[in-house]
Amino acid sequence: MDERLHELIREAVRSVPRGRVATYGDIAARTGASSPRIVGKVLSEDGHDLPWHRVIRATGRPAEPVARRQLELLRAEGVLADDGKVDLGQYRWR
DNA sequence: GTCATGACACCTC
DNA sequence: CGAGGTGCCATGA
């Protein structure tokens, strides 16, 4: 794994504004990651100190393993989820 | 080298 | 809108 890319991804996640969200694909495209999967890997391994809850899947639903906690954190920032699904059209970053 | 796994995305039906 | 199949790529056995 390229360390520079690793840092770029962390930086991109850090740059997501409070009250907004981004998809794994968005972060991947913005950082040049070869695949959205890489983003998920970085978050799971080294995302504990990042606003990881602002990164969700393209469907608007958070990743399964942390879905419950993620929705709470988002709700605390003003990102409302309709039946576990975030309105990307409204909250998607840039 | 092959095979399986996973905080994913996209296309079809 | 959803379910299923396919593509994707780093990692570890």
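The structure displayed is predicted, hence computed values, not measured ones. So that the names make sense, note that chain A is the first sequence line, chain B the second, and so on, each numbered from 1.
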Rounded to whole Å, how long is the line connecting atom CG of Leu5(A) with atom P of dA10(C)? 9 Å
Please report the distance, rounded to the nearest Å, between NE2 in His6(A) and C1' in dT11(C). 14 Å
Identify the nucleotide, in any strand shown, that forms a Watson-Crick or G-U wobble pair with dA7(B), with both distances under 3.5 Å; if there is none, say none. none
Quick one: Leu88(A) CG to dC1(C) C1', roughly how many Å, whole number? 15 Å
Is there a donor-acceptor contact under 3.5 Å from the side chain of Gln70(A) to the main chain of Val55(A)? yes
What distance, rounded to whole Å, do you find between the two C1' atoms, one in dA7(B) and one in dA13(C)? 22 Å
note: Leu50(A), atom CG; dA7(B), atom P; distance rounded to Å ~ 18 Å
Whole-Å distance between dG2(C) C1' and Arg61(A) CZ? 13 Å
Given salt bridge (Lys or Arg N to Asp or Glu O under 4.0 Å), test Arg94(A) with Asp26(A) step by step and report yes or no. CA-CA 10 Å; Arg94(A) 267 136 110 40; Asp26(A) 287 339; over 6 Å; no
Grab the CD1-C1' distance between Ile27(A) and dA9(B) for me, whole Å please. 15 Å
Round to a whole Å and report the spacing from CD1 of Ile38(A) to P of dC9(C). 8 Å
Does the side chain of Tyr91(A) come within less than 4.5 Å of Glu77(A)'s, by heavy atoms? no
Selected nucleotide, minimal atom distance to Pro65(A) side chain, candidates dA7(B), dC9(C), dC10(B): dA7(B)
Applying the Watson-Crick and G-U wobble criteria at under 3.5 Å, what pairs with dG1(B)? Answer none if nothing qualifies. none
For a quick test of reading the model: is some side-chain N or O of Ser34(A) closer than 4.0 Å to OP1 or OP2 of dA10(C)? yes
Residue mapping more 5' on DNA chain C - nearest nucleotide basis, Pro36(A) or Lys85(A): Lys85(A)
Take atom CZ in Arg14(A); do more than 12 heavy atoms of anything else shown fall under 6.0 Å from it? yes
Rounded to the nearest angstrom, tell me the gap between atom OH in Tyr24(A) and atom P in dA10(C). 18 Å
Under 4.0 angstrom, heavy atoms only, what part of the nucleic acid is Leu43(A) near: base, sugar-phosphate, or nothing? base
Selection from dA7(B), dA9(B), dC9(C) that lies nearest to any side-chain heavy atom of Ser44(A): dA7(B)
Please classify the nucleic acid contact of Thr59(A) as base, sugar-phosphate, or nothing, using heavy-atom distances under 4.0 Å. nothing
Lys41(A) side-chain proximity, nearest of dA7(B), dA9(B), dA10(C): dA10(C)
Using modelled atom types and a 3.5 Å cut-off, is there a donor and acceptor pairing between side-chain atoms of Arg10(A) and backbone atoms of Asp46(A)? yes
